[in-house]
Undergrad: 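Sharing a structure, written as structure tokens. Questions coming.
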4 protein chains.
Amino acid sequence: MASVNKVILVGNLGKDPEVRHLEGGVAVARFPIATSETFKDKNGEKQERTEWHNIVVWRGLADVAEKYLKKGQSVYIEGKIRTSNYQDKEGIQRYSTEIVADNMTMLGGRSDAGNGNQNQYSGGTSAGNNRTETPAPAFEGEPDDLPF
Amino acid sequence: MASVNKVILVGNLGKDPEVRHLEGGVAVARFPIATSETFKDKNGEKQERTEWHNIVVWRGLADVAEKYLKKGQSVYIEGKIRTSNYQDKEGIQRYSTEIVADNMTMLGGRSDAGNGNQNQYSGGTSAGNNRTETPAPAFEGEPDDLPF
Amino acid sequence: MASVNKVILVGNLGKDPEVRHLEGGVAVARFPIATSETFKDKNGEKQERTEWHNIVVWRGLADVAEKYLKKGQSVYIEGKIRTSNYQDKEGIQRYSTEIVADNMTMLGGRSDAGNGNQNQYSGGTSAGNNRTETPAPAFEGEPDDLPF
Amino acid sequence: MASVNKVILVGNLGKDPEVRHLEGGVAVARFPIATSETFKDKNGEKQERTEWHNIVVWRGLADVAEKYLKKGQSVYIEGKIRTSNYQDKEGIQRYSTEIVADNMTMLGGRSDAGNGNQNQYSGGTSAGNNRTETPAPAFEGEPDDLPF
DNA sequence: TTTT
DNA sequence: TTTT
């Protein structure tokens, strides 16, 4: 089938990451980031539109998000689009679109509350090798078990 | 600002494009494309997950989509994520995420029903609109004059 | 740090891959791919420019390249830019720019001499295999069931 | 031909942009940006490798570069790879690889010497011309003639 | 809910 | 030649 599902975002966190630790110790972090664009409307007036993206990161990246990412900060995100459907409390079928990130780079923030870190993290594991881009350990877990 | 909202997809059309012409003659085409990935579940069995993306293209790209894209074909898409909310017929608040494409390249298809075209198109053109991405008309200027 | 070096290419192989096996058994494959663009020159005539990219893939991806990629085929490449300098035989300092790929998807080819494979492979290591990103088999599934 | 040539970089300017104005008033700016990656060598020691990219921007983007970009600043760049060949003063055939950018976003800098601007610019638009994509001289040459 |  |  030959397919590619790739998202690249640079935006600001709307909130601090929320982190959960699943059974087995696997960490998941979630946070929203905003991207904005400006355009001129038909009256020639400048308008801004903000788009909110729900980011999900797993494992090592979730740890990094928990430690280093804060509301307001700017971040580079690379990942893929994932839409899930679920029933809400009223039993209504709903769709939720998220970006599952596998690469993340802090770009600094508004005031940078005590954080000068600007480092890149890649999803995955590995020790004792000199790869930069990295592997990606086993995906276990029923999609339906996942918290989205 | 400093933000980036970029999506790159390679996938297959799930349906022929649906094209509408707005007042003023502006064309909009919509079509779904599928991307797939396979992974091993916890029993080590191969699983496949297909993701559906709703693509929207405007103006010239909509014309191209109408003329050349067919269900089953493979296409490269570059664009941005856009989530809209609206009320459905029951008055329930819903969200819809689309990819607004500004660049599109046909990659061939399943059987390629009569279509050998494999060309790239870039969004663009036209006046009186609020596009950010831009046109790409004639090239002028002598390459040999260029400073490199 | 905070840096990103990302290349995305879709193009055709100019030659079959050349594969080498280093001491230790690590495989490296190299092959050129062409991307083209057309533009109108100042006389309004259509011109084409082809760009050649030197692709390098390591380990598992090199094996895949060796087995499945052939001159003329179309391929999706994701990687990074890497420029090396070296002295040529005359002792002249030279620069060579390559794309070190960490993700690769076959998109089919000109005539596809005996090859129907269209699968995605991700860089990363090893055996026992712990991939997340993966291949992508046949497209089936009823678009009409989809929520759009 | 169905091809894509896309580069995405986030890096720091190694120098202030150099701007030239061609006959006809077209502006071109050039500047190098650095991307870095760290990895562990075989002794487990942290190593850093820096890659230098020569960025070229035209017209409106060149004006933006001239006004706002300074040595040390961080910038997001989107563009394409372009390799040119030329003879140096000794008549030696040489190759030069550049990134022709069509999208640029300032991400701030080390100390941000008087610059709080963080805005995104897209190639194109405006009066006189509206090209985004840039020049592309003739391609000639057999793949087999190429230096790889 | 961010940022400019 | 940048940055951490």
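First the proteins, then the strands, lettered A, B, ... as listed; each starts at 1. The structure displayed is predicted, hence computed values, not measured ones.
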Undergrad: For the pair A:N43 (side chain) and A:E45 (backbone), establish whether a donor and an acceptor sit closer than 3.5 Å, ignoring hydrogens and angles.
TA: no
Undergrad: Taking NE2 from D:H53 and C1' from F:dT2, how many angstroms apart are they, rounded to a whole number?
TA: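 Roughly 11 Å, once rounded to whole Å.
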Undergrad: In whole angstroms, how far is the P atom of E:dT2 from the CZ atom of A:F31?
TA: 16 Å
Undergrad: NZ of D:K46 versus C1' of F:dT4: gap in Å, rounded?
TA: 9 Å
Undergrad: Check the distance between E:dT1's P and A:N54's CG and give it to me in whole angstrom.
TA: 15 Å
Undergrad: What pairs with B:S96 under side-chain hydrogen bond (donor to acceptor under 3.5 Å, both in side chains), at least two apart in sequence or on another chain?
TA: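 Partners of B:S96 under the side-chain hydrogen bond (donor to acceptor under 3.5 Å, both in side chains) test: none.
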Undergrad: In terms of side-chain heavy atoms of A:T50, which of F:dT1, E:dT2, F:dT2 is nearest?
TA: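 Nearest listed nucleotide: E:dT2.
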Undergrad: Kindly state whether the pair D:W52 / F:dT1 counts as stacked, where counting means centroids closer than 5.5 Å and planes tilted less than 30° apart.
TA: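 It does: the two rings, one from D:W52 and one from F:dT1, meet the stacking criterion.
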Undergrad: How would you list, by chain and number, every residue that makes a salt bridge (Lys or Arg N to Asp or Glu O under 4.0 Å) with A:E51, sequence neighbours excluded?
TA: A:R49
Undergrad: Just the rounded figure in Å: distance from P of E:dT2 to CG of B:N5.
TA: 19 Å
Undergrad: With a cut-off of 6.0 Å (strictly less than), are more than 12 heavy atoms of other residues, nucleotides or ligands near CD of A:E18?
TA: no
Undergrad: Just compare F:dT1, E:dT2, E:dT1 and give me whichever is closest to any side-chain atom of D:K71.
TA: F:dT1
Undergrad: In whole angstrom, give the distance that lies between atom CG of D:L9 and atom P of F:dT1.
TA: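 The distance from CG of D:L9 to P of F:dT1 comes to 21 Å, rounded to the nearest Å.
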Undergrad: Grab the CG-P distance between D:L107 and E:dT4 for me, whole Å please.
TA: 13 Å
Undergrad: Just the rounded figure in Å: distance from C1' of E:dT2 to OH of A:Y76.
TA: 20 Å
